[in-house]
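Note that the structure is a prediction, hence the values are computed from the model and not measured.
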Amino acid sequence: MKLNSVLGQKKLTLSFEVFPPKADSDYESVKQAAYRVAKLHPDYMSVTYGAGGSTGGSTIALAEGIQKEHGVTTIAHLTCVGATKESIQNALGDMKNAGIENVLALRGDRPAWMKEEPFTDYHYASDLVETIREFGGFCIGGACYPEGHPDAKSKSEDIKNLRKKVDAGCEFLTTQMFFDNNIYYNFLYRVRSAGIEVPVIPGIMPITRASQVDNAIKLSGCNMPERFKNIVDKFGANKNAMMQAGIIYASEQIIDLIANGVTNIHIYSMNHAQVVKGILDNLSEIRKGAW
């Protein structure tokens, strides 16, 4: 199923991101973790792509398995890092053969181990989007940064680059994580003011371990509100308490988004079915309603 048939409508969708293993020897254990998430019946699942295409085969295999074994629609990530036109064509062909109809086109970050220039045939995600559109047969998604892309000179420049991505064929956008919903609402206002009308799906990251905080800031440059910092300071040393507090905080973000008319929400689950279940349990009655 192509996601453009369900996104942007009034129906509430909750999706979860999982990742493939870094090493082939870990594939079975990671697959089972992802399958446990799939068994909770999300509306769709996103499968990430390793730095420099290092997990390309596992990404496609995992996405295909989730669809065939559990009937959950998937979207496979694809990045510009280290990619050639030939490798992208091959990857798209493999995805098509695997029955994958949705692709998330990303520029990606340069891996620390990559000495050569990572962006040769593809410098920007908009270039990749254009290739996928020309290949045909896929619903194309992209990423966006509510607090501004770290490489953009300004927020206005970042919005202009988003417009290029959408004009190239991107049909929906999923945000990087944020921990203050007002950041998303302000970003959405700027996006709509720029004439970008595709669905902009908020990405929520449940922080369930104190050690995740620094990584989240490093990866996305997001700001941590004082309210959340206080939660980590209070409960971070207690594994179970931090798990519960993190699930509740993410659930409250999602509830606020739904209350403000957001119908499509993406959760960065990190392959943790326990976290997914906790969030879904907190939203059980809300999901039953015609919101």
Answer yes if [X] and [Y] sit in the same cluster of Ile, Leu, Val, Met, Phe, Trp and Tyr residues linked by side chain heavy atoms under 4.5 Å apart, and no otherwise.
X: Ile255; Y: Ile201; result: no
X: Ile196; Y: Phe172; result: no
X: Leu104; Y: Leu78; result: no
X: Leu3; Y: Tyr49; result: no
X: Val276; Y: Leu62; result: yes

Interatomic distance, [X] atom [atom1] to [Y] atom [atom2] [nearest 0.5 angstrom]:
X: His266; Y: Ile75; atom1: NE2; atom2: CD1; answer: 8.5 Å
X: Thr208; Y: Met242; atom1: OG1; atom2: CE; answer: 7.0 Å
X: Met45; Y: Asn102; atom1: CE; atom2: CG; answer: 13.5 Å
X: Thr74; Y: Met95; atom1: OG1; atom2: CE; answer: 9.5 Å
X: Ile279; Y: Ser251; atom1: CD1; atom2: OG; answer: 5.0 Å
X: Tyr35; Y: Ile66; atom1: OH; atom2: CD1; answer: 6.5 Å

(request) Show the numbers, then the answer: is there a side chain to side chain contact (heavy atoms under 4.5 Å, CB included) between Glu147 and Asn223? (result) CA-CA 8 Å; Glu147 298 174 68; Asn223 291 305; 2.7 Å; yes
(request) Could you please spell out the steps behind the salt bridge (Lys or Arg N to Asp or Glu O under 4.0 Å) verdict for Asp151 and Arg107? (result) CA-CA 12 Å; Asp151 291 342; Arg107 189 195 71 164; 3.0 Å; yes
(message) If you apply the rule salt bridge (Lys or Arg N to Asp or Glu O under 4.0 Å), what do you find for Asp233 with Lys229, and how did you get there?
(response) CA-CA 6 Å; Asp233 289 343; Lys229 290 180 182 178; over 6 Å; no
Hey, is [atom1] on [X] packed in by over 12 heavy atoms from elsewhere, all under 6.0 Å?
X: Glu86; atom1: CD; result: no
X: Met270; atom1: CE; result: no
X: Tyr124; atom1: OH; result: no
X: Glu157; atom1: CD; result: yes
X: Gln32; atom1: CD; result: yes

(message) If only side-chain N and O atoms count, and only distance matters, is there a donor-acceptor pair under 3.5 Å linking Tyr268 with Ser46?
(response)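 Absent: no donor and acceptor within the cut-off.
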(request) Scan side-chain atoms only and decide if Asp43 and Ser15 contain a donor-acceptor pair under the 3.5 Å cut-off. (result)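 No pair is found: no donor N or O on one side chain lies under 3.5 Å from an acceptor on the other.
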(message) Can you confirm whether Ile254 sits close enough to Ile267 that some side-chain heavy atom of one is under 4.5 Å from a side-chain heavy atom of the other?
(response)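 In contact.
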(request) Take Phe235 and Gln244 through the test side chain to side chain contact (heavy atoms under 4.5 Å, CB included) and record every step on the way to the result. (result) CA-CA 9 Å; Phe235 305 113; Gln244 185 176 53; over 6 Å; no
(request) Could you pull out the closest heavy-atom pair between Leu106 and Ala125, with the gap in Å? (result)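 Heavy atoms only, the tightest pair is C-CB, 4.0 Å.
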(message) Show, in sequence, the C-alpha distance, side-chain angles and deciding distance for Asp256 and Tyr184, and conclude whether the side-chain hydrogen bond (donor to acceptor under 3.5 Å, both in side chains) test is met.
(response) CA-CA 11 Å; Asp256 178 77; Tyr184 170 77; over 6 Å; no
Taking [X] for its side chain and [Y] for its backbone only, find out whether a donor-acceptor pair lies under 3.5 Å.
X: Glu69; Y: Gly65; result: no
X: Ser269; Y: Phe16; result: no
X: Glu171; Y: Ile140; result: yes
X: Gln176; Y: Pro146; result: no
X: Arg190; Y: Ile159; result: no
X: Lys165; Y: Ala143; result: yes
X: Tyr249; Y: Phe179; result: yes
X: Glu134; Y: Val129; result: no
X: Asn161; Y: Ser126; result: no
X: Asn4; Y: Cys139; result: no

(request) Would you check, one step at a time, whether the test side chain to side chain contact (heavy atoms under 4.5 Å, CB included) holds for Met243 with Val275? (result) CA-CA 8 Å; Met243 171 75 76; Val275 173; 3.7 Å; yes
(request) Apply side-chain contact (heavy atoms from CB on, under 4.5 Å) to Asn271 and list each qualifying residue two or more places apart in sequence or on a separate chain. (result)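 Checked Asn271 against side-chain contact (heavy atoms from CB on, under 4.5 Å); matches are Val18, Phe19, Val30, Ala33.
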(request) Check the pair Thr13, Lys11 against side chain to side chain contact (heavy atoms under 4.5 Å, CB included), reporting the backbone distance first and the verdict last. (result) CA-CA 6 Å; Thr13 66; Lys11 179 183 180 295; 4.2 Å; yes
(message) The test is side-chain hydrogen bond (donor to acceptor under 3.5 Å, both in side chains); show your working for Tyr122 and Thr84 and say whether it passes.
(response) CA-CA 7 Å; Tyr122 296 95; Thr84 64; over 6 Å; no
